[in-house]
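Here's the structure, in structure tokens; my notes come after.
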Amino acid sequence: MTARPLRLSTTQADFETLFQQRLHWSADTDAAIEQRVADILADVKTRGDAAVLEYTARFDGLTAPNMAALELTQAELKAAFEGLPQVQQQALQDAAARVRAYHEAQKKASGESWTYRDADGTLLGQKVTPLDRVGIYVPGGKAAYPSSVLMNAIPAHVAGVQDIIMVVPTPKGDKNPLVLAAAYVAGVTRAFTIGGAQAVAALAYGTATVPAVDKITGPGNAYVAAAKRRVFGTVGIDMIAGPSEILVLADGSTPADWVAMDLFSQAEHDELAQSILLCPDAAYIDAVQASIDKLLPEMPRQDIIAASLNGRGALIHTRSMEEACAISNRIAPEHLEVSSHQPHAWEPLLKHAGAIFLGAYTSESLGDYCAGPNHVLPTSGTARFSSPLGVYDFQKRSSLIEVSEQGAQTLGQIASVLAHGEGLQAHARAAEMRLKP
């Protein structure tokens with residue numbers, strides 16, 4: 001098994017063409033998936049629990065007499081936690097504490113209500129309130145992700161959401177204790193062992209057993225992504241996530257083995273994941289390739305890593321670190337490592353990334369599990385206009401306006417002029433009635 005990421009140099013004549021080809025990834029969903037998802041959503045909306053039970057039996061091989069049999073009790077979540085080895089219990093609690101501390105700080109910085117009064121006594125401001133109920137989707141097919149439970153449930157909890165409903169597929173009824181324990185630690189309110197488009201439909205529309213939510217967050221497969229896209233508008237969603245990505249900006253000062261393993265850390269997710277190195281030192285790029293050759297045979301998921309690196313990976317020689325930063329901004333990666341002995345010299349040049357990891361010791365994997373910031377990040381270049389999942393995703397804002405009698409005299413005249421200009425006489429009259437003779 002070999003892995004040969006595409007070698008490019010920004011000085012070669014066809015760099016731009018090859019670079020764009022390597023970046024390309026289509027988010028278009030297969031037409032057959034779209035139609036199947038549409039049918040499932042419509043069926044669950046019409047038949048509720050009965051449809052969810054049928055699809056769970058068909059797709060997950062999990063047959064249950066009713067939806068109550070698919071709900072995980074708080075006692076079961078607690079038992080899963082208490083049944084873990086002590087080292088796993090402690091790791092979950094430590095990671096949860098750091099994630100909670102970060103999102104508490106985020107809430108204080110940007111999530112509080114505020115008001116002020118004009119000179120005429122008019123009060124203006126913003127009221128921040130949490131969503132009532134959210135649904136979090138936790139993947140449970142090829143792999144289980146307790147970290148996703150922490151990253152989705154804890155900011156919702158910090159935001160003040162009262163009901164956090166978790167859905168997680170459990171093929172053949174195989175429940176992952178770490179996922180259940182993470183739900184216990186993170187404060188999940190209710191949890192159901194259902195997945196796929198049918199779980200998204202149940203959360204969006206509600207059934208006799210599964211309560212309808214206001215927003216759905218969390219990653220999933222193509223069926224889940226298509227379902228989230230279709231129910232948006234009925235409920236809010238966090239994002240439509242594409243394959244995972246890592247971009248490493250390296251100045252050659254970090255051990256090549258470290259960088260190679262960081263590239264592996266995203267490549268091992270799936271064959272469509274993307275790992276890119278940008279570096280102005282050609283000899284260092286050679287060293288990283290040598291590390292890839294040396295370390296790949298040691299990896300249990302070497303087939304997936306190799307397919308990812310061969311199909312979508314790239315090692316790019318740049319003219320300078322400044323040019324590397326400019327290319328990074330064009331890519332707008334999900335994860336961006338600045339693997340340099342002076343990371344803060346380059347950070348001001350970086351505008352677009354889901355998360356920026358500064359310095360050689362800041363591996364992306366620490367952010368995935370326990371550093372504190374959220375690991376649900378924008379992919380496929382959407383970091384140009386969107387942000388990591390956070391407390392703000394579980395809050396909404398209402399404007400506050402209390403016009404004083406004095407203020408109505410000034411504002412009323414302005415509104416009257418503009419309303420007449422728009423031909424909306426009732427608007428104008430409503431403002432004029434409050435003017436003093």
(request) Could you tell me the separation between the CG atom of Leu84 and the CD atom of Gln93, rounded to the nearest 0.5 Å? (result) 10.0 Å
(request) Kindly give the heavy-atom pair with the smallest separation between Gly218 and Asp238, and that separation in Å. (result) N-OD2, 2.9 Å
(request) Calculate, to the nearest 0.5 Å, the distance between atoms OG1 and CZ belonging to Thr207 and Phe192 respectively. (result) 7.0 Å
(message) Atom CD of residue position Gln342 - does it have more than 12 heavy atoms of other residues, nucleotides or ligands inside 6.0 Å?
(response) no
(request) For Ser363 and Phe357, work out which heavy atoms get closest and say how close. (result) O-CD2, 4.0 Å
(message) What I want to find out is whether Glu34 reaches Arg229 closely enough, with some N-O distance under 4.0 Å, to be called a salt bridge.
(response) yes
(request) Please report the shortest heavy-atom distance between Gly252 and Cys279, naming the atom on each side. (result) N-SG, 4.4 Å
(message) For the CG atom of Leu263 and the CD atom of Glu364, what is their distance to the nearest 0.5 Å?
(response) 11.0 Å
(request) Return the minimal non-hydrogen interatomic distance between Gly242 and Ser380, and the atom names on each side. (result) CA-OG, 3.9 Å
(request) For the residue pair Ser244 and Glu334, confirm or rule out a side-chain donor-acceptor distance under 3.5 Å. (result) yes
(request) Please check if the side chain of Glu268 supplies one atom and the backbone of Arg301 the other of a donor-acceptor pair under 3.5 Å. (result) no
(request) Please name the pair of heavy atoms, one in Ala80 and one in Pro177, separated by the smallest distance, quoted to 0.1 Å. (result) CB-O, 3.7 Å
(request) Using atom types as modelled and distance alone, determine if a side-chain donor or acceptor of Asn329 lies under 3.5 Å from a backbone N or O of Lys351. (result) yes
(message) Given 3.5 Å as the limit, does a donor-acceptor pair link the side chain of Asn310 with the main chain of Thr2, or not?
(response) yes
(message) Any carboxylate oxygen within less than 4.0 angstrom of a Lys/Arg side-chain nitrogen, looking at Arg7 and Asp286?
(response) yes
(message) Nearest 0.5 angstrom please: Trp258 CH2 to Ser291 OG, how far?
(response) 12.5 Å
(request) Take atom OH of Tyr392 as the centre, draw a 6.0 Å sphere, and report whether it contains more than 12 heavy atoms from other residues, nucleotides or ligands. (result) yes
(message) How about CG on Asp293, more than 12 heavy atoms from neighbouring residues, nucleotides or ligands closer than 6.0 Å, or not?
(response) yes
(message) Quick check against the 3.5 Å criterion: does Lys396 have a side-chain atom that pairs as donor or acceptor with the backbone of Thr129?
(response) no
(message) Tell me whether Glu322 at atom CD has more than 12 heavy atoms from other residues, nucleotides or ligands lying less than 6.0 Å away.
(response) yes
(message) Tell me whether Tyr361 at atom OH has more than 12 heavy atoms from other residues, nucleotides or ligands lying less than 6.0 Å away.
(response) no
(request) Output the distance between atom CD1 (Ile165) and atom CZ (Arg133), rounded to the nearest 0.5 Å. (result) 6.0 Å
(request) For Thr10 and Glu323, run side chain to side chain donor-acceptor pair (under 3.5 Å): C-alpha distance rounded to whole Å, both residues' side-chain angles, the deciding distance at 0.1 Å, then the answer. (result) CA-CA 9 Å; Thr10 56; Glu323 184 182 46; 2.8 Å; yes
(request) Looking only at non-hydrogen atoms, find the nearest pair between Ile246 and Gln266 and report the distance. (result) CB-CG, 3.3 Å
(request) Go through the side-chain N and O atoms of Asp251 and Ser340 and say whether any donor and acceptor fall under 3.5 Å apart. (result) yes
(message) If I take atom NE2 from residue His157 and atom CD from residue Gln162, how far apart are they, to the nearest 0.5 angstrom?
(response) 8.0 Å
